[in-house]
Every structure is written in structure tokens, then in C-alpha cells.
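In what follows, every chain begins at residue 1, and chains take the letters A, B, ... in the order their sequences are listed.
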Protein chains: 2
Amino acid sequence: MVDKEAFFQQIVAFTTAVHEVTHTFTKDIKPDDITPLQYGILEYLAVSQPVTLSQISDCKHISMPNTSREIRKLCEKNLCEKFDAADDRRKQMIRLSEEGQAMMNVAFARIGGRFLERMKGASEEEWKDIQQAMQVLHTKVFY
Amino acid sequence: MVDKEAFFQQIVAFTTAVHEVTHTFTKDIKPDDITPLQYGILEYLAVSQPVTLSQISDCKHISMPNTSREIRKLCEKNLCEKFDAADDRRKQMIRLSEEGQAMMNVAFARIGGRFLERMKGASEEEWKDIQQAMQVLHTKVFY
DNA sequence: GCATCTAGTTATCAAATGATAACTAATGAG
DNA sequence: CTCATTAGTTATCATTTGATAACTAGATGC
């Protein structure tokens, strides 16, 4: 049998480490004129665009009024833009503007660079192991 | 060769999933009378106590004045306590109080329960795979 | 013994975030 | 058609968090 107590300790240590590393890799990336919450929204947009306000609200756990406010600010900074959904005239779709897309490309490239830097000594086999490991955890625990 | 672009996509998707799952597993755990920041400090204490204020400040990326303030609030709520370090009379060591320890035990048990629930169908072999996967990522990427 | 450094505190201010009420407009059910 | 529901907005307020300056007390270098 597995030792569930030890297993849980391991989960805590692991998730803490993931938070810590992503934090240090991300903290000095975002431009000074956007807040952490706004950066989180832009990251979500970069991965999932186009999305509705309601989707942002659900996925990022931000109330609708606050989501509306933050999106308005991002639009004012010309980082994203709204357009009407074809199927339902109540819906507002959001996507990154060209400027926003360019900004996120730069941010992602820098973060990616840091991960690559961290793993530059890895052998072909280690890369495979790491990818395999992420796949296992992604499908079985963190989905 | 590994496809580094795809690899990075995978990292982003994976870390996002870890954040998402830990968030949903943790959000309704903390008592209403402590803030998210305070909960984070308590979690850190539970894992690393006893620690100094400076250690909390460093590890949780909170300025010393703000760390001092939050610790004072936690002490006022009887969740942690200060005591003097033996070696240096400037240092204040912090540890959970009995009440704080009890609170974190409950919180951790509930979070642990949710992970176990999520993995209740897993075979002996899958458990091994998952532990193995965490170990790989913890040592090679998230350290 | 004096200057300098480290650990922590207190007070204060500004900004970011969370929460709620009251609203408009479009959709969908009956 | 009418009523309930959904998507989003605006305004407002409270709380949380971040940032800085000015301070005390103990340690450390020389």
C-alpha cells in the first residue's frame, strides 16, 4: 500500500514549489502599468481567446462587475478589444489586440527562456522523462 | 530533438492546471476571519516552523513592515506566537499556537481528502507513477 | 568605544481587489 | 405577449495588500 500521509506531504511540497518557481519566473515580467490581476487575465486571453466576459469571470474567479471593470481598463490601454458574438447579441467576445498579443508574446518568450535556461544541461532522455511526468500529473491529478 | 515550442506550451498548460486545482481545493478551506495572505503565512509556518520574521518576508515576498503587521494580527487572533531566538536577541521566532496548529491540521486534512477523493480509482501502479512523476519534476524543473 | 549593519516595529498612505445594489438589453419558456 | 433568466454595465464602498519613512534595540567590525 502507498503511504497516503507521505503522499500528501509530497503533494504540498510539490505544489508549493510550482507556485514558487512560476512566481519568481513571472514577477518581473509584467509591465509596470498593468496590475497582477490584469496580467492574469491577459495570460488567460493569450491561451483561450476569444472568450466572453462570463468565461473570464468563471475561470479566473472574478465577479462579473469586477471583470467588466478590468476589461474596460485593458481596452483603454489598447491591450484587448471587444467584439459582438454572432449567435447572441448580449455576449461580448474579448480578444487580445495586436499590441496586447505582441506584449504577451514577449512575456511568454522570456518566461520560456528562463525554463530553457534552467534545463539547458538536460539530456534527450531527461526531456522525455519530464514531458512524460507532466503528462501523467496533468491527466491524473491536475486536470 | 525536443520541440521546445511545444514543450513550453505544455509547461504553461501544466502550471496553469496546478494553480487552478490548488485554488479550487483551497478556496473554501480557510476560515472567514483570516485573509488569503494570512492563510499563506500560516501554511508556510505549518511546513517550516519555527521561522523568523525575515524568513517569512523572504520566502513569501512580503516586505518586513507588512510581514510584521500580518504576524501581529495572527498573534492577536491566537493563531501563532513569538518567542526569542537563543542565539540572537534581535530575532523573533514564530510558530503556530496550539489553536493555529489545530486549524491547519483540519485544513490540510480536508485538502488531502480532496486529493485522495480525486484519485480513489487509481491502481497501485498509478500511485507509483504519480509519485515518480512528482519527484522528477520537483528535482529537475520546480526546485 | 564608535560606527555600521541587521532584525524588527510603528505609522501612514496609495493602490488593488472584493463585494453589492441597481440598472439595461437581449434571450427563451410558456 | 409576458415573465423569468442571462450577459453585461455602472457606481460605490470596504477590505486587503503594497510601499515608504522614521524609528528602537541588539550585533558586529575594527
| task | Give the nucleotide from the list dT9(D), dT17(C), dA27(D) with an atom nearest to the side chain of S68(A). | result | dT9(D)

| field | Nearest-angstrom distance from the residue atom CG of D84(A) to P of dG8(D) | value | 11 Å

| said: Reading DNA chain C from 5' onward, which residue's closest nucleotide shows up sooner: Q92(B) or R89(A)? | reply: Q92(B)

| message | Whether the side chain of N66(B) and the base of dA19(D) hold a donor-acceptor pair under 3.5 Å is what I'd like checked. | response | yes

| said: Check the phosphate of dT17(D) against T35(B), side-chain N and O only, distance under 4.0 Å to OP1 or OP2. Yes or no? | reply: yes

| Would you say a side-chain N or O of K73(B) is under 4.0 Å from OP1 or OP2 of dT9(C)? | no

| Nearest-Å distance for atom pair CG/P, residues D33(A) and dA15(C) | 14 Å

| note | note: E76(A), atom CD; dT9(D), atom P; distance rounded to Å ~ 12 Å

| query | Can you find an N or O donor on one side and an acceptor on the other, under 3.5 Å apart, linking the side chain of R69(A) with the base of dG18(C)? | reply | yes

| said: Considering every strand and a 4.0 Å limit on heavy-atom distances, what is the contact class for T52(A): base, sugar-phosphate, or nothing? | reply: sugar-phosphate

| query | Does the pair H61(A) and E20(B) meet the rule for a side chain to side chain contact (heavy atoms under 4.5 Å, CB included), with working shown? | reply | CA-CA 10 Å; H61(A) 315 101; E20(B) 175 66 20; 3.6 Å; yes

| query | 5'-most contact on DNA chain C: P36(A) or P65(A), nearest heavy atom basis? | reply | P36(A)

| Presence of salt bridge, R90(B) and D84(B), under 4.0 angstrom | no

| field | Nucleotide dT15(D), atom P - distance to CD of E70(B) in whole Å | value | 15 Å

| query | Yes or no on side chain to side chain donor-acceptor pair (under 3.5 Å) for E70(B) and N66(B), after CA distance, side-chain angles and deciding distance? | reply | CA-CA 6 Å; E70(B) 298 306 322; N66(B) 292 337; over 6 Å; no

| query | Hey, are E117(B) and K120(B) close enough for a salt bridge, meaning a charged N less than 4.0 Å from a carboxylate O? | reply | yes

| Tell me: CG of D87(B) to P of dA7(C), nearest whole Å? | 11 Å

| Starting at CZ of R72(A) and ending at C1' of dA7(D), how long is that distance when rounded to a whole Å? | 17 Å

| request: Using atom NZ of K91(A) as one end and atom C1' of dG28(C) as the other, report the distance to the nearest whole Å. | output: 13 Å

| query | Between K27(A) and dG18(D), is there a side-chain N or O to OP1/OP2 distance below 4.0 Å? | reply | no

| said: Can you measure M64(A) atom CE to dA21(C) atom C1' for me and round it to whole angstrom units? | reply: 15 Å

| query | Going by modelled atom types, is there a donor-acceptor pair between the base of dT6(D) and the side chain of R90(A) at under 3.5 Å? | reply | yes

| field | Electrostatic pair D28(A):R114(A) at N-O distance under 4.0 angstrom | value | yes

